[in-house]
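Below you'll find the structure, written out as structure tokens, and then a few comments.
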Amino acid sequence: MRQLIWFRSDLRVQDNTALNAAMQSGQALAVYFITPGQWQLHDDAPCKIDFWLRNLNSLQTQLQTLNVPLLIRHAHYWSDAPEVMADLCREYSIDCVHANDEYGLNEVRRDKEVAELLREQGVQFKSYLDQLLFQPGSILNRSGNYFQVFSQFRKVCYQRLHIALPAQQPLLQAQASTGINSDPIPSEVVGFAKPSAALQSLWPAGEHAAHLRLQRFADEFMEDYDLQRDLPAIPGTSQLSAYLAAGVLSPRQCLEAALLTNRGEFESGNPGVVTWVNELLWREFYKHILVGFPQVSRHKAFRSQTEAIAWRDAPQELKAWQEGRTGFPLVDAAIRQLLETGWMHNRLRMVVAMFLSKNLLIDWREGERFFMRHLIDGDLAANNGGWQWSASTGTDAVPWFRLFNPINQSRRFDPQGRFIRHWLPQLADVDDKHIHEPWKAGDLFARPDYPQPMIDLSLSRERVLQTFHKLSALEVRDA
Ligand SMILES: Cc1cc2nc3c(=O)[nH]c(=O)nc-3n(C[C@H](O)[C@H](O)[C@H](O)COP(=O)(O)OP(=O)(O)OC[C@H]3O[C@@H](n4cnc5c(N)ncnc54)[C@H](O)[C@@H]3O)c2cc1C
């Protein structure tokens, strides 16, 4: 019985549920689909596509040690996937296709259409829980609905983890040679420019690199995570998001590393470890939200009432934000970090997202799209969740009247301006007092190379508060 493992966002051989299932069921081949049209539709960032391709190379090498050939097929859009898969199954006499679940609406539709066409030609399609610790739909409130509040969701996750920890897959043994050759992996895909070598070197590909990063984080930083995770100038977070998003690491492997660091505890013990596990559960939460509330996949506001907000159409201001020219150093430094590394520190994602959606009153979807186009870890659920949290349009979002002040955030989380000076070298010689608001350095501060603040923070604060206040008055009237 010949099996096919269809790799998607699970680019690893260790602890890969579908790969284990395929290899246990018979002789296994593997395939990956190159889908540039779909990637464009999803705004996938060029650096992310490059990261996938580099990881595919590494995956192919790993698969070779198991004698599993990795085939490459082109399907411009996912709507082409059923035909391409059907042809492949005919060509290699495949009996069953195995794949790990993915959760966006388009992903679910693609799999359903592939499964239907395969069924017509007598090929089975089996899918597995792999990307998450818990099956979406299995963590529900007493009324049988999806949780909308993270702390309540987490409580049930803890209960489940106390009963049983999600088991990892056993190590795989090599199968006998299939005599089938792997296909070459393209080094580049048209429409997705190759990122700089400097960016690539920040994100080395492959499971080995991912495990080294996880191990180093567990050994050196995890126990202080609660104290350091908000300081962008130091490497206090794991920087594993790109590996988790591409499935080079599994959440079970991350959980295991946390448990090993904390004597098997996830809810008590070292506060750094408990806080980190909490973040893994936020990842889980937003993916469950994606399944439970499909409007999120269509970029609709989770709180539908907020669709009535009159977001400002301000292309020049949007452009200044996108180019890191707002005149607020922490915001601009954060955008520089994103453009140059493909990643942005979590605290700063919240700061820049609130600045765009609240201070500039520009639709959060503009920011969501811009992030996706640049993030190496771009993930629909987490990105949408983060943006809707910041814009107060989402589930368990920050209350609308709570706005981060970018200057206070800067003083609090980058007190000596180390992060700012790194990304905005033109401010390197500004003293610690003025680094957060350089325009206050007076006449001495005549810098043609750094802009004046683009808005008055208190006026912009008033504007957004009034906007949301009107909305909540309407909501009260409707209720
Ligand atoms: C506006 C906005 C957009 C975001 N977009 C993305 C995105 O596209 N992809 C993405 O993976 N994360 C996103 N996040 C969440 C978070 O910022 C990143 O996961 C985190 O910065 C990644 O760095 P790290 O790996 O060092 O995280 P760590 O702090 O080490 O956390 C460990 C892991 O937990 C997960 N995680 C942590 N925080 C969150 C969170 N708030 N929501 C969901 N998962 C989380 C990630 O997988 C992360 O790798 C976004 C947050 C905001 C506010």
Side-chain angles (χ1 to χ4, degrees), residues 9 42-45 47-48 51 104 131-133 150 153-154 202-203 210 213-214 216-218 220-232 234-251 253-255 257-258 261 272-290 321 331 334-335 337-338 341-358 364-398 404 409:
S9 49
H42 284 180
D43 293 310
D44 289 318
C47 66
K48 185 169 75 175
F51 186 62
Q131 214 181 71
L132 291 173
L133 302 171
F150 173 71
F153 172 84
R154 180 185 54 194
L202 295 172
W203 309 103
R213 191 170 283 216
L214 174 60
R216 180 156 182 242
F217 175 68
E220 295 178 31
F221 302 103
M222 200 189 282
E223 289 186 318
D224 293 325
Y225 178 75
D226 56 323
L227 305 172
Q228 303 197 325
R229 71 192 188 116
D230 278 318
L231 306 174
I234 55 172
T237 71
S238 68
Q239 301 203 356
L240 285 169
S241 48
Y243 298 89
L244 274 161
V248 185
L249 269 185
S250 77
Q253 293 168 328
C254 292
L255 183 65
T261 313
V273 180
V274 173
T275 312
W276 196 64
V277 171
N278 199 52
E279 296 310 309
L280 294 177
L281 294 179
W282 269 106
R283 173 182 177 276
E284 195 86 9
F285 178 62
Y286 282 137
K287 286 202 191 280
H288 284 231
I289 290 287
L290 198 63
W321 176 86
V331 173
I335 296 284
Q337 180 180 44
L338 173 63
T341 69
W343 183 86
M344 190 194 288
H345 189 279
N346 179 59
R347 167 64 42 185
L348 305 181
R349 295 190 202 206
M350 296 190 285
V351 170
V352 304
M354 264 199 214
F355 187 83
L356 184 79
S357 60
K358 299 271 177 73
W364 55 271
R365 279 162 280 235
E366 292 286 357
E368 183 196 19
R369 187 176 317 125
F370 179 76
F371 263 34
M372 270 318 256
R373 287 182 178 168
H374 294 277
L375 279 173
I376 195 159
D377 65 16
D379 170 83
L380 173 62
N383 194 37
N384 185 284
W387 272 95
Q388 295 221 46
W389 182 90
S390 309
S392 303
T393 62
T395 168
D396 206 1
V398 66
F404 287 178
Q409 292 283 311

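Atoms within a ligand are numbered from 1 in the order they appear, just like the ligands themselves. Model, not experiment: these values are computed from the prediction. Excluded from the calculations below are hydrogen atoms, water molecules and symmetry mates; all remaining heavy atoms, backbone and side chain alike, are included.
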Notebook entry, point to check: Tell me: protein heavy atom nearest atom 30 (O) of ligand 1, and distance?
Noted result: Ser238 OG, 2.6 Å

Notebook entry, point to check: Is the side chain of Gln228 donor-acceptor paired with the backbone N or O of Ile234 at a distance under 3.5 Å, no angle test?
Noted result: no

Check: Can the ring centres of Trp282 and Phe150 be said to be less than 6.0 Å apart?
Finding: yes

Next item on the list: Please work out whether the ring planes of Trp276 and Tyr225 are parallel, tilted or perpendicular, with thresholds of 30° and 60°.
Entry: perpendicular

Item checked: Closest to atom 29 (O) of ligand 1 (judged by heavy-atom distance), picking from Trp276, Phe217, Tyr225 -> Tyr225

Notebook entry, point to check: Are the side chain of Arg213 and the backbone N or O of Ser238 linked by a donor-acceptor pair below 3.5 Å?
Noted result: no

Note to self: If you take the nearest heavy atom of each of Asp377, Leu380, Leu214, which one is closest to atom 11 (O) of ligand 1?
What the structure shows: Asp377

Item checked: Distance filter under 4.0 Å to Leu244 heavy atoms, resulting ligand 1 atoms -> 47 (O), 49 (O)

Item checked: Gly378 touching ligand 1 at heavy-atom level, < 4.0 angstrom -> yes

Notebook entry, point to check: Less than 4.5 Å apart, any side-chain heavy atom of Trp364 and any of Leu356?
Noted result: no

Margin query: Does only the side chain of Phe285 get under 4.0 Å from ligand 1, or the backbone, or both, or neither? Count heavy atoms.
Written below: neither

Check: For atom 48 (C) of ligand 1, which protein heavy atom lies nearest, and how many Å away is it?
Finding: Ser241 CB, 4.1 Å

Notebook entry, point to check: What atoms of ligand 1 come within less than 4.0 Å of a heavy atom belonging to Trp343?
Noted result: 22 (C), 23 (O), 26 (O)

Check: Is a side-chain donor-acceptor pair under 3.5 Å present for Arg154 with Asn278?
Finding: yes

Check: Under 4.5 Å between any side-chain heavy atoms of Asn384 and Tyr286, yes or no?
Finding: no

Check: Which protein heavy atom lies closest to atom 3 (C) of ligand 1, and at what distance to 0.1 Å?
Finding: Asn383 OD1, 3.3 Å

Next item on the list: Please confirm whether the backbone N or O of Arg347 pairs with a side-chain atom of His345, one donor and one acceptor, at under 3.5 Å?
Entry: yes

Next item on the list: Answer with side chain, backbone, both or neither: which part of Thr237 has a heavy atom less than 4.0 angstrom from an atom of ligand 1?
Entry: both

Notebook entry, point to check: For atom 36 (N) of ligand 1, what's the nearest protein heavy atom and its distance?
Noted result: Glu279 O, 3.6 Å

Next item on the list: List every atom of ligand 1 that sits less than 4.0 Å from any heavy atom of Arg283, numbering the atoms from 1 in the order shown and giving each element.
Entry: 35 (C), 43 (C), 44 (N), 47 (O)

Next item on the list: Record the part of Tyr286 in heavy-atom contact with ligand 1 below 4.0 Å; permitted values are side chain, backbone, both and neither.
Entry: side chain

Notebook entry, point to check: Any idea which protein heavy atom is nearest atom 8 (O) of ligand 1, and the distance to it?
Noted result: Asp379 N, 3.0 Å

Next item on the list: Measure from the side-chain N and O atoms of Lys287 to the backbone N and O of Leu132, and report whether any donor-acceptor pair falls under 3.5 Å.
Entry: no

Check: Taking both backbone and side-chain atoms of Trp387, is any N or O found less than 3.5 Å from an N or O belonging to ligand 1?
Finding: no

Check: In ligand 1, which numbered atoms sit nearer than 4.0 Å to a non-hydrogen atom of Met350?
Finding: 53 (C)

Checklist line | For Gln388, the option from Asn383, Thr393, Asp396 that meets side-chain hydrogen bond (donor to acceptor under 3.5 Å, both in side chains) | finding: Thr393

Margin query: Can you report which non-hydrogen protein atom sits closest to atom 24 (P) of ligand 1, along with the distance?
Written below: Gln239 N, 3.5 Å

Margin query: Return the closest protein heavy atom for atom 14 (N) of ligand 1 as residue, atom name and distance.
Written below: Arg349 NH1, 3.7 Å

Checklist line | Distance-minimising heavy-atom pair for Trp389 and Val398 | finding: O-CG1, 3.0 Å

Notebook entry, point to check: Do Leu280 and Glu284 have side chains that get closer than 4.5 Å, going by heavy atoms?
Noted result: no

Next item on the list: State, with a plain yes or no, whether a side-chain heavy atom of Lys358 is found less than 4.5 Å away from one of Ser392.
Entry: yes

Margin query: Below 4.0 Å, non-hydrogen atoms only: which portion of Asn346 touches ligand 1? Side chain, backbone, both or neither.
Written below: both

Margin query: Just to confirm my output: which protein heavy-atom neighbour is closest to atom 12 (N) of ligand 1, and how far is it?
Written below: Ala382 CB, 3.5 Å

Next item on the list: Return a yes/no value for Gly386: is any of its N or O atoms, backbone included, closer than 3.5 angstrom to an N or O of ligand 1?
Entry: no

